[in-house]
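See structure below.
Below, chains carry the letters A, B, ... as their sequence lines are ordered, and counting in each starts from 1. Atoms considered below: every heavy atom in the structure, side chains included; atoms not considered: hydrogens, waters and symmetry mates.
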Amino acid sequence: MYKHSDRVDMELLGSHKTRATKVSIWALTGPVLVIAEKPKAARKIAEALSHKLITRKYGKIPYFEIRSSPLVVYVASTAGHLYTLHTELKGYPVFEYKWVPAHVVEEEKKYTRQYLELLSKLARECKYYVNACDYDIEGSVIGYLVIKFHGDENRAFRAKFSSLVHDELKKSFESLAPLDYDMVESGLCRHELDWIWGINVSRALMSAIYQATGKKVILSAGRVQTPTLKYVADREIERGLFTPLPQYTIKVKLKKAGIDFTAEFTENPVPEADRASRIKSSVLREKHLVVSDYTVERREISPLPPFNLSDLQYEASRILGFSPMKTQKIAEELYLEALISYPRTNSQKLPPSLNYREILHKLSDIYKYGALVSQLLRETKGILRPVEGEKEDPAHPAIYPTGNTPRNLTRDQWALYDLIVRRFIAVFAPKAVISYTRATLVAPLTSYRFTCSGITVEYPGWLAYYPFHAPSSKTIPHLTRGERVEILSVIVRESYTKPPPKLKKVDILKWMESVEVGTEATRAPIIEKLFERKYLENTKSGVKITDLGLGVVEVITGFFPELTSVDLTRAFEKLVNEVKTGVKKREHVIEEAKSVLKRLMEGFNKHISDIGVLLSSRLGIVDNYPKCSVPGCRREIYVNTLCRYHYEAYKKLREAYNEWSRRKNTSYEEYLRKLKEMNSTGALIRDVIEHFELKALREKQ
DNA sequence: GCAAGGTC
C-alpha cells in the first residue's frame, strides 16, 4: 500500500470521521483509483474525466488510465459484489461470519477473481480511492469493501451521481464527498440480517431431515423467498378448496333498424335460478325496452411509459410467452451487445439529456423501423417529448434502445428487442383517441335495467407503434334517449363461479413487486430458486406447489412465523434506515436479530424430530407414519383419517352445499356428481368427493 | 450448502 507522509494532504483531508468538505479529484496529489460498479460505468466515468484516456487491459478486463500531470487516475470496476459473507462453522445457530472474496467460496463467482486482482494491483499503486459505484446502499458496500481490504479508508472519497451523463459525472468528481459511512453501515446491516435469518433457518430445516433420515437434502428459507412461497401456497390451497357455485346471467337480444345486438342485465350474475327465471318471464312480457341513456365518450389515452425491467417482464410474458427469467437473461444479452441501456432498472423515466433524435435516426437505419420512425417524425412534427411513468430508480434510467445495429440476433432476442424499440418509439407518439359508447335500456313495467357498450379506435396514435394494447372494436347501433327497442328474446345462461386463475411465474413476480420484496435484479432468480428446491413445479397450465413446498411453509409458519410475511422486509427496511440515519447502531440491530433467532431456534429444536418426519414424509423419503386416507395423499393425519388439507376440503364441501341448494334445487348426490365433472372444482374437493362422499352414498344404497 | 444483493 502507498506509504504517505504528505502533510498538506492530511490537512486537506482531515480525519475521515469529521471531514466534510468537498474535494475535486484534480486537487489530489497522488495516484487515484476510481472504483466503478460495472465495466460500462467505468468507461463512461473515464470518458467524462478526460478526452485523453488510455484503455488498458488486465486479462480480458478493460480499465482506463488518465494522465493529467502530475496526477494519474485509474478507473477500474467491480462486477457487482466482489465480497460475500461467509463462515467456516458448521451447524446452527451460527452467528460468526466474515467478508471474504466471493470467488474463493462460490464456484459460480470465479469470474470475479480477475476484477478483484486488478483492483488490488491498482490499489497498491494508488494513494487515493474514490468509490464511484452506483449511489445506493449496495454500491456503497461494494466500493467500500474494496477500499477497506485493498486501499485505505482514510484517503477515500465517495462520488455521488444519479446517471452516467457526462456533465453530471464531471461535476460529481469535481466535488467528491467523504466516504459515506452511514450508507455503508446500513448496507452491511442489510447483508448481515439476511445472512443470519437465511442461513440459520435453512440449516435448521436441513438438519431436521438429516436427523430424521440421515439424508442430505438442500432446503432454504429467506426474507424474500419464503413469503413468496407462502403466497403461492395460499393461492394453491384456495384453488384446491374451490367449490364452484351456480350463477345466472341474463341477456336480451334486441333489434334496431335491422341490426341485432345484445344487452346485459345490470345485476348479472344473479345467484338464484328461480329469481333469474322470474326476471326472464317478466321481461318477456314487455315487448320492448326504452333507452334511458346513451353516451359516446371520447377518451385520449396516453402512451404507456418506457420500460423498467418488471414492465418488460410482464409484457414479454403476455405477448411473447417468455418467463421473467428468460426476459431478464435476454435483456442482459442485449445490454452486453450495447443494443439497449441497462436493463436492471425500476425507472420509467428517460433522461432528458438523452439524444432522442439521434437514437431514432439510428433506429431508422434498421430496416424494419425506418417507416415507423418517419411516421413518428411526421405525426409529432419532430417535437420529441417522451411520456414518463411514476417509478424511479436512483441509479439507472428506463430501458431504451441505443440505436446500434443488431447483428446475428436469435429469434427470441429479436422479439424482445422489437418490443423495447416499439415501446421506446411509442412514448413520443400522440395519444390514442378511443370512443366508448354506452347505452342503458330499461324495461318499462319492471324497471329492470340493461346495458350494452361499444368501443372504437378513432385515432390509433401510439397504438400504431406499440399495437399490443389496441382494443378490439365493437359497435352498437346509434340510439336516442326515450327510443323504444324491440325485444327479440331473453336468454338466461347458467354458469359457475370461477376459481382464482392458476399462477404463472410472471404473476408471482407481479405479486413480489406489488408488496415490494426483492429487487429488479433478484425477483426472477428467486422464483427460479423455488423451483430448484423442488418447492414449486411447472405444469401445462401454470405453477404448482409441491407437498415439500407446502411442508416447508407449514414448518416455517409454526416456528419462524416472521419469515413467512413481507413484514420482515418492512422491518429490515426500518432498521436499515435507522442505521443510515444514525438512530441505531449496526451492532445493536444485529445483536437483537441474533437473540430473536436464538429463541426461535430453541422452539424449533424442541420439535425437531416431528419436523424432520413431516418434511421427510412430504419428500417421500420416510413412510412409517399414519397417512391421510385419500389414495395417493402422503400427508400425515390431522383429524380422524384426513390430512389438514383434505379435512378442510371435507368441511368446505358440506358447507358449500347450503349455498348451492339456496341457489338451485339440487340433491346432495347431484351436487357431488356435478362438482366431480367440473374442471374448476378444486383438486382437494374432488379428492373428497371421489374417495368419500360418493362412496358413502353408494354404500348406503 | 444454506440468503439476498450486486453484475459478467
Ser120(A): which residues meet the side-chain hydrogen bond (donor to acceptor under 3.5 Å, both in side chains) condition with it, sequence neighbours left out?
Arg124(A), His150(A)

With a 4.0 Å cut-off on heavy atoms, is [X] in touch with a base, just the backbone sugar-phosphate, or nothing at all?
{"X": "Ser220(A)", "answer": "sugar-phosphate"}
{"X": "Glu332(A)", "answer": "nothing"}
{"X": "Lys329(A)", "answer": "nothing"}
{"X": "Arg344(A)", "answer": "base"}
{"X": "Lys529(A)", "answer": "sugar-phosphate"}
{"X": "Thr78(A)", "answer": "nothing"}
{"X": "Asn200(A)", "answer": "nothing"}
{"X": "Gly80(A)", "answer": "base"}
{"X": "Pro39(A)", "answer": "sugar-phosphate"}
{"X": "Arg113(A)", "answer": "nothing"}
{"X": "Gly187(A)", "answer": "nothing"}
{"X": "Tyr97(A)", "answer": "nothing"}
{"X": "Ile218(A)", "answer": "sugar-phosphate"}
{"X": "Tyr115(A)", "answer": "sugar-phosphate"}

Centroid separation Tyr342(A) to Tyr335(A) less than 6.0 Å:
yes

With a 6.0 Å cut-off on ring centres, are Phe560(A) and Phe604(A) close enough?
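That pair passes the under 6.0 Å test.
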
Within the 3.5 Å criterion, strictly below it, is a donor on Ser163(A) or Glu168(A) matched to an acceptor on the partner's side chain?
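A pair is found: one side chain offers a donor N or O, the other an acceptor, under 3.5 Å apart.
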
Using the ring of each side chain (for Trp, its six-membered ring), is Trp511(A) parallel, tilted or perpendicular to Tyr231(A), with breaks at 30° and 60°?
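Ring orientation, 0 to 90° scale: parallel.
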
Is any NZ, NE, NH1 or NH2 atom of the basic residue among Lys585(A) and Glu185(A) found under 4.0 Å from an Asp or Glu carboxylate oxygen of the other?
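The answer is no: the pair does not qualify as a salt bridge.
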
Between Gly222(A) and Asp134(A), name the one whose nearest nucleotide on DNA chain B is closer to the 5' end.
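Comparing both residues, the 5'-ward one is Gly222(A).
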
Where each residue is assigned the nucleotide of DNA chain B containing its nearest heavy atom, which of Tyr111(A) and Ala221(A) is assigned the position nearer the 5′ end?
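On the 5' side of the pair lies Ala221(A).
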
Is it the case that atom OH in Tyr210(A) sees more than 12 heavy atoms from other parts of the structure closer than 6.0 Å?
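No, OH of Tyr210(A) has 12 or fewer neighbouring heavy atoms, counting only those of other groups under 6.0 Å.
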
At the 4.0 Å heavy-atom cut-off to chain A, mark where contacts on DNA chain B begin and end, going 5' to 3'.
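First-to-last contact on DNA chain B, by the 4.0 Å heavy-atom rule, is dG1(B) to dC8(B).
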
